[in-house]
Every structure is written in C-alpha cells, then in structure tokens.
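Here is how names work: the chains are called A, B, and so on, in the same order as the sequence lines, proteins then strands, and each is numbered from 1. This structure is a prediction, so every number in the text was calculated from the model and none was measured.
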Protein chains: 2
Amino acid sequence: MIAELSERDNQILQAVIEEFIATAEPVGSRNLTKKYALGVSPATVRNVMADLEELGLLTQPHTSAGRQPTDLAYRYYVDHLMGSRGVRPDERRRLRRHLAGASRDDVEELLDTTCRALSSMAHLVGLVAAPRFEARVFRHIDFVLLRPGRVLVVLVSESGAVYHRPVDAPEVDDQARLDRMGEYLNHLLEGLPLSAVRDRILAEMESERAAVDALFHRALTLGDRALRSADRSGDSGVFVGDPGPLLEQPEFHSPDRLKGILETFEKKGLLIKLLDRACAEPGVQVVIGRENPSEDLQGCSVVVSNYGSGDRVLGSLGVIGPTRMPYPRVVALVDYTARLLGETLGPG
Amino acid sequence: MIAELSERDNQILQAVIEEFIATAEPVGSRNLTKKYALGVSPATVRNVMADLEELGLLTQPHTSAGRQPTDLAYRYYVDHLMGSRGVRPDERRRLRRHLAGASRDDVEELLDTTCRALSSMAHLVGLVAAPRFEARVFRHIDFVLLRPGRVLVVLVSESGAVYHRPVDAPEVDDQARLDRMGEYLNHLLEGLPLSAVRDRILAEMESERAAVDALFHRALTLGDRALRSADRSGDSGVFVGDPGPLLEQPEFHSPDRLKGILETFEKKGLLIKLLDRACAEPGVQVVIGRENPSEDLQGCSVVVSNYGSGDRVLGSLGVIGPTRMPYPRVVALVDYTARLLGETLGPG
DNA sequence: CCTGGCACTCCCAAAGAACGAGTGCCAAAG
DNA sequence: CTTTGGCACTCGTTCTTTGGGAGTGCCAGG
C-alpha cells in the first residue's frame, strides 16, 4: 500500500486526518487548501480524495459532505505518516509532579496515581495493569488462621505488593503450626521469582515425599493451593481512569455508545486482554477501532505499552479514547510514562 | 406541613409523584384523573395542584406544561406518603443468588459482589463502604522488611480483611528481629477490637518504659505508626457500581450533568462522607437532591443504610441515582441488602 | 495532468403553521 | 363554599417549507 501512494497523496491524507482529529468534522477540499499549504487547487484535492476513498482510506458520511478517515487510514497514519515526537519538557514536568506524590513502596498507590496522571495528561481514560504476578519476586509468605479449616494466605513481593487469598485447609486449626509452616516456606522460597515458586514447591514435594514430615508437606500443599488460585486473581490489578474526558468528545454524546464503553470498563477481563497485547511486543502498540476485540469499543483506539525495568517486562499501561485522538502526543506520552514507571519500580 | 395537607391533597400529590417517577414527564391534570381513580375532575385537580405549587411542592417547567415534584415533595413523599414495602420474594432470591458467588472469607470480593448486586437490582449505581477500620477485630500483624529502614506492615482482621502499609523504620534491617516483634505484638493484641489496639499499644509503651527492652519498644512504636497511617487509609474501601444504568435515565442525557457525576464517583472522599451519614443513624437514610453536599449531585438522591451484626455498626452501603427513583422499591432493597451483608459478615 | 467553472446533492438552520397538552379563570351547579 | 364544565390562552413540539452553504463530480480548457 505504501508504494501506491505518491508523496502528494500522503501529504493530503495526513492533512485530512489531522484536520479531522482537530475538528471532528468531515473535511472538505476547499477548507483543506485554505488551512494547509498544499500547493494545489481544491479540485485536485478532490481528485486525490476520491482516489483515497476508493482505497478505503476515507469515507463521506453522505454525498456532498467532506471526507473523514477510516480505521485503515488511522492505521496507515500511525504506521507511516505521523513520525514520532518526544514529550514536551513542561509535560514531562507535569507528569513527574503528578507521580511525585506516590510512595515507591506502595505499589497500588503508585499505579493508581500513574493511572490518574495518564488520564489527566492525555485527556483520555488511563489504563494501568499491575505487574504480572509471575514477574514478581518472592519476599514473604504468611498464613493466618481465619477459622478451623480456613486459612488466609498473605504473599508479599519484593516490591511490596501484597496478595491475599483465603484457602481451604481441612484439619488445620492451630496458628502456631501455621507460623512454623510459614517460616519453613519463607526459607525455602527466599528471593525466588514467583514464576519459579510453584515449580520449587512441586520439586520439594517430590523430594520430601520420603521424609514424611506432615507439617512441611502440608505447608507445601497449602502454598501450592494458594498460588494456584492467585494465578487467576487477575480481576483486580487493573486501574481505570476517570471516564469524564470522553464526555467532551462529540463521538460519545450518544448514550448507547457511552453505555457500551462504560460497561466494558467494568469488565476488567477484557481490559486485561487488551493490555496484555502490549506485554508481548516491545514499544508502544496502537489498536485502532475495529481492530479491537469488543463490539463496544468500535470507534475507540487503545494506545498501550509495557513497562518494566531492564529487560524484565512487569506489566502494561496505556490509554483508551476515540479513534480520533492526537496519536503523536498520546503515543509519546504513553511511552514516556511507561519508562518512568519502569524506572520507579525498577530498583526496588 | 403535614397538617396543612388534606387527605385529598396527599392523594393527588402522591399520584403526581408516582406518575412522574414512572414517566419522567411533567404530569397534567387530565392525564392524572384518567390513570388514577381520584374521584374528582381535572379542574379540581388543577386547583389542588396550584395550591401544592404555592407550597413549593410542585413546579411547572414552563407555563402550560404539567407539574413535577420538587425536592421538597420527594422529601415529603419519602417521609409521609410512600409507606414501606418489603422486598419481593423473587427479588430476594435474585439478590441471594448474586451474593452466593462470593466467599465469606474474602471481604473485598464480598463487598464488590454486593455492590454489583445492588447496581444490578436497583438499576442504579451501587455504593458500598468497607467496614470501618476501628470496627474490626485484630487477628494478626506481620512485619516484612522491604529494604533497610522500610517495613511493610500487614494487618489482618478477624473477618479476613487485609490492610497493608509501608512505614519508615530507621535502623531496622533484619527480618528475624521483625519476626520477633510481630510475634510479641500478636500475643499482646490478640482478639482486641482495632479501636482499642492503639490504646493498648500506648498503655504498654508506658508500662514498658522502665523495662528497657529495645526490641519490644520498637515493635510498639512501629505498630503505633502503622495504625496511625492506616486510620487515614479510607480512600480505598469504597466500591462504586457500574454507572451504566444512569445513562438510560433521560435526566442524564446531558454530557455536562453526567460529567459532574462521574467525577464525583472518582472522588472517593465525598462518597465516604455521604455513606458515613448512614453510620450515624439506624435504618435507611434518604438524601434528596439539594440536600446533597455536592454541586454535582443536584438532581440525584442517595439511599443509604449502615450494616453490621448485632448492634455493632460495621460500614454502610446504598445506591445513588436520579431524584426521580422508585423510592419504595429502592429503600426496601437497600434495607434488605444491608441486613443480608450484616448477617454474612456477622458470625465471622 | 492540473485547474476553474458549473450543475447538482444534501445537510442544516430558520421560519412558519398546525397541533395538542395543559393551564387559569369564571360562571353555574351541587 | 366547593366542585365542575367550558372556554380562551399559552407554549412547547412537530412538521413542512425554504434558503443558504458546503461540498462533490464532471467537464472543458490551459
């Protein structure tokens, strides 16, 4: 497709897209020549536009209206036209100031703050996925007896994140025993990445089988069970920003539209799926309109990036908004925020 | 005011309110006589309506439109007219089924589920405030060394709720010492209500002053510091339902209106303030329109109740929606849900 | 191949007309 | 004195009409 477009086509396409992003109104040929120094007449622009429409890059909402970009055009724009810009110094400062309030040791607070910062800076809805469970490093485990047969497992990662989950533990009714079990596991698992913890437990169970220490065996079983259920505890761990800014965009004035999106925000599962895409590949990913998995997100784009320290991918963050969003600014912002969060979490 | 209204006035006022709640349209005299067996002619209804308008109970959006209730009228309706009805058996079943999915031991999950249930059943936005910190009973404390000088304090309540907070602890750099400190505190505080924990700690510090055991002293200090900061951790602990149902109400079709409300939902502080009203008095509280503290909540009513077990007030829950909401149904629902949640949390 | 001109299309906003729901008031009936 | 039916009037809503404007497509000339 790139080959098919001449320099002038590109120029006009870019102008149409950027004008539409700015105004939210279909763009006419006459108007375009006035605002952009294209060096050609409206008639020529019309011809080019007609070509671009044939290629599926532009549409007119009705005959004799201006043109507006299709999802395909946005894709092309993001991939080939917009280039990349940095984050303006004053924006950097604003972002840093936003994040300065959060403690480095309270991961939840930090992520929440980051999410709010993203929302406010992009004027879109921020999304932040907490570091993936397995990407973290074991620090401490603790068993608390809730009532006979029911134990709360509290797991702390190196960066200070806390997971907790009640699990069934028949025949356990003594906190002292639980304390010893915890002690044992703490020594066993010290410093292990959580991704390796379960394997370690299983391996230990294997070797421990001969030595019939019931206590240790039970500790291992309990640890295993807790981790198994912690794996699927992805429901939490997604932060979604204030949807307010969306309301200012004309594309969300229809209640139905809005309803769908707000409902999507509640279903955290889908958001996680969206954010997970970013974990797979490095750099900022842009998902545009129909490329989205959900019906309700038609007309929305998602800009995401993973974050981490060094080459360890921890989690991902991004924003969601109308397809008609200022991609260069947003992409730069997401990229920068991801780096910043990675750095903040890194050394811990 | 009650004395000033005759039986017929009451009847007509009630009819107007209920009709308006049902249709969201200003109610005309002719229409009213057709749908409700008032036994009087439209002209009479008009006269009564004019009186009610003079009393500030009804307004017309413009001359020659029907009447609609003012906030004052809703207040009067809630206090004197609507009576109280129970929750229909099928609704009870639905609610129970909703809540059945949540584990009794995972308080957060339980509250979240309750919030969703409220939203879905009332077709409004559910609100649930987690049990107040002080209302809980101490079960377990744990200190985890994050890095030298920085300690994560994990606190578990009897009902399985987990609080955690990083605190500064200069000169602490040894997990083993922290373990012993935790052990000491666990014994000291076992079974105490959290409201009494700090006093206990302070008392102990006093008596311990002579016996200069540095370890215990430091444990007490650390516990004190953690509790002090946990007190203000009320930011979290509020669950807000899906705002989707609001979009179906015509009063929220205006983006500005909606924006204000969504922003209010993000500011958890205000919601806590609203919910706290319920803690003060028993039974269901209704806050109508302008009675609300926030500008943005004009046109909204909040129905809240506290929940707890026995006479111990734990927290509060409720719903928020347009002033034009079916109060009898909603009040009954909130009441019943609060009882249910109280029972569920009670025995644990 | 670009350009200016021209006819045509279609949306949109304003203006007017018809409609209907509702009110207020009044005089007559109960 | 209260209730009621009648009647004139108000005012929002809806429908239609009309004109303007923005934009297009096409064509013929440079």
Atom pairs under 3.5 Å, N or O on each side, protein against nucleotides 15-20 of chain C: can you list them with distances?
none

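- A/Gln11 is linked by a side chain to side chain contact (heavy atoms under 4.5 Å, CB included) to A/Leu38, counting only residues two or more places apart in sequence or in another chain.
- Interface residues of residues 17-27 of chain A facing DNA chain C, ordered by number: none; criterion, heavy-atom separation under 4.0 Å.
- Of the charged side-chain nitrogens involved, at least one lies within less than 4.0 Å of a carboxylate oxygen, so that B/Lys35 and B/Glu19 count as a salt-bridged pair.
- For the pair A/Arg67 CZ and C/dT9 P, the computed distance is 17 Å after rounding to whole Å.
- Shown for residues 45-53 of chain B: residues whose heavy atoms fall under 4.0 angstrom of DNA chain D, namely B/Arg46, B/Asn47.
- Inspection of the A/Ser316 and A/Arg277 side chains reveals no N or O donor paired with an N or O acceptor under 3.5 Å.
- Remark: A/Asp79 engages A/Arg75 in a side chain to side chain contact (heavy atoms under 4.5 Å, CB included) (not counting sequence neighbours).
- A heavy-atom distance below 4.0 Å to DNA chain D is reached by none of the residues of residues 32-43 of chain A.
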Can you list, pair by pair, the side-chain donor-acceptor contacts under 3.5 Å of residues 293-304 of chain B, counting residues two or more places apart and other chains?
residue, atom, partner, partner atom, Å
B/Ser294, OG, B/Asp296, N, 3.0
B/Ser301, OG, B/Tyr327, OH, 2.7

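- Between A/Glu266 and A/Leu262, the closest side-chain pair of non-hydrogen atoms is not below 4.5 Å.
- The shortest non-hydrogen separation linking A/Leu127 to A/Leu118 is O-CD1, 4.1 Å.
- By the side chain to side chain donor-acceptor pair (under 3.5 Å) test, B/Thr70 pairs with no residue at all, sequence neighbours left out.
- Between A/Arg67 and A/Glu53 there is a salt bridge, since a side-chain N of the basic residue sits under 4.0 Å from a carboxylate O of the acidic one.
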Could you pull out every donor-acceptor pair under 3.5 Å between side chains of residues 43-51 of chain B and any protein atom, sequence neighbours left out?
residue, atom, partner, partner atom, Å
B/Thr44, OG1, B/Ser41, OG, 3.3
B/Arg46, NH1, B/Ser29, OG, 3.2

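- Read 5' to 3', the first and last nucleotides of DNA chain D with an atom closer than 4.0 Å to a heavy atom of chain B are D/dT3 to D/dG12.
- In this structure, A/Leu270 CG and A/Thr264 OG1 are separated by 6.0 Å, a value rounded to the nearest 0.5 Å.
- By the side chain to side chain donor-acceptor pair (under 3.5 Å) test, A/Gln68 is found to be paired with no residue, residues two or more places apart in sequence or in another chain being considered.
- Under a 4.0 Å N-O distance rule, the pair B/Glu263/B/Lys267 does not qualify as a salt bridge.
- Applying the side chain to side chain contact (heavy atoms under 4.5 Å, CB included) test to B/Ala22 and every residue at least two apart in sequence or in another chain returns nothing.
- No side-chain heavy atom of A/Val286 sits less than 4.5 Å from a side-chain heavy atom of A/Val330.
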